[in-house]
Amino acid sequence: MPNIKSQIKRDAKNKAQQAKNKAEKSAMKTALKKFDAAVAAGDKDAAATTYKVAVSAVDRAAGKNLIHKNNAAHKKSALDKKLNTLA
């Protein structure tokens with residue numbers, strides 16, 4: 001346990017930010033899984049709507065530096081390829 005007041009405050013802030021980051025990254029992963037499920041089911045309409053949500057989640061995560069911008073580009077490219085296989 002820290003003894004210094006500023007370190008106690010910093011620990012509390014770090015824990016709160018870590019929880020936010022974890023929730024955002026988890027939401028991104030959930031969106032990606034929903035898209036994969038829609039593609040696996042072969043449902044074009046559901047895939048198109050979940051595609052928009054997934055791309056938005058990936059962009060949001062990259063904007064907040066939760067994932068690297070190249071990783072985001074790689075994920076979005078993979079999403080595009082999967083969506084195009086349905087067309």
Side-chain angles (χ1 to χ4, degrees):
M1 282 298 296
N3 294 325
I4 300 168
K5 189 175 182 181
S6 62
Q7 184 60 46
I8 293 169
K9 290 178 184 178
R10 186 167 38 231
D11 283 351
K13 276 183 68 173
N14 287 344
K15 286 180 184 176
Q17 189 61 46
Q18 183 181 15
K20 287 180 185 176
N21 289 342
K22 188 173 183 179
E24 185 72 30
K25 202 165 186 180
S26 177
M28 179 193 69
K29 290 179 183 178
T30 301
L32 293 173
K33 287 178 186 175
K34 285 182 180 179
F35 174 76
D36 287 338
V39 170
D43 189 2
K44 289 183 182 180
D45 294 332
T49 56
T50 55
Y51 170 80
K52 291 179 183 178
V53 174
V55 168
S56 176
V58 169
D59 284 337
R60 195 166 42 250
K64 294 181 179 181
N65 290 324
L66 299 178
I67 60 173
H68 194 272
K69 64 178 184 173
N70 292 349
N71 188 350
H74 180 83
K75 287 183 188 305
K76 291 193 308 187
S77 176
L79 291 173
D80 285 336
K81 287 180 183 177
K82 288 179 185 177
L83 187 64
N84 289 335
T85 58
L86 290 178

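- For the 3.5 Å distance criterion, the side chains of Gln7 and Asn3 fail to qualify, holding no donor opposite an acceptor.
- With no hydrogens or angles considered, a side-chain donor-acceptor pair links Gln17 and Asn21 at under 3.5 Å.
- Hydrophobic clustering of Ile, Leu, Val, Met, Phe, Trp and Tyr side chains at less than 4.5 Å, counting indirect connections, keeps Val53 apart from Leu86.
- In this structure, Ser26 contributes its side chain and Lys22 its backbone to no donor-acceptor pair below 3.5 Å.
- How far OG of Ser77 is from NZ of Lys82: 11.0 Å, rounded to the nearest 0.5 Å.
- Closest approach of Ala57 to Met28, counting heavy atoms only: CB-CA, 3.9 Å.
- Rounded to the nearest 0.5 Å, atoms CD (Gln18) and CG (Asp11) are 11.0 Å apart.
- Here CG of Asp80 is found 6.5 Å from CG of Asn84. Values are rounded to the nearest 0.5 Å.
- Looking at heavy atoms from C-beta onward, Leu83 lies out of side-chain contact with Lys44 at the 4.5 angstrom threshold.
- Val39 is not listed as a side-chain neighbour of Tyr51, based on a closest heavy-atom distance of 4.5 Å or more.
- Taking all atoms of both residues into account, the shortest heavy-atom contact from Phe35 to Ala54 is CB-CB, 4.4 Å.
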Worked check of side-chain contact (heavy atoms from CB on, under 4.5 Å) between Lys64 and Lys20
CA-CA 11 Å; Lys64 294 181 179 181; Lys20 287 180 185 176; over 6 Å; no
Evaluate side-chain contact (heavy atoms from CB on, under 4.5 Å) for Leu32 paired with Val58, printing each intermediate quantity in order.
CA-CA 9 Å; Leu32 293 173; Val58 169; 4.0 Å; yes
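- Contact between Asp43 and Ala46 at its shortest, heavy atoms only, is OD2-CB, 3.2 Å.
- Side-chain contact between Leu66 and Arg60 is absent, with no heavy atoms from C-beta onward closer than 4.5 Å.
- Here CG of Asp36 is found 13.5 Å from NZ of Lys29. Values are rounded to the nearest 0.5 Å.
- The distance from atom NZ of Lys5 to atom CZ of Arg10, rounded to the nearest 0.5 Å, is 14.0 Å.
- Within the 4.5 Å cutoff, the side chain of Ile67 has heavy atoms near those of the Lys25 side chain.
- Ser56 places no side-chain N or O within donor-acceptor distance of the main-chain N or O of Lys52, the cut-off being under 3.5 Å.
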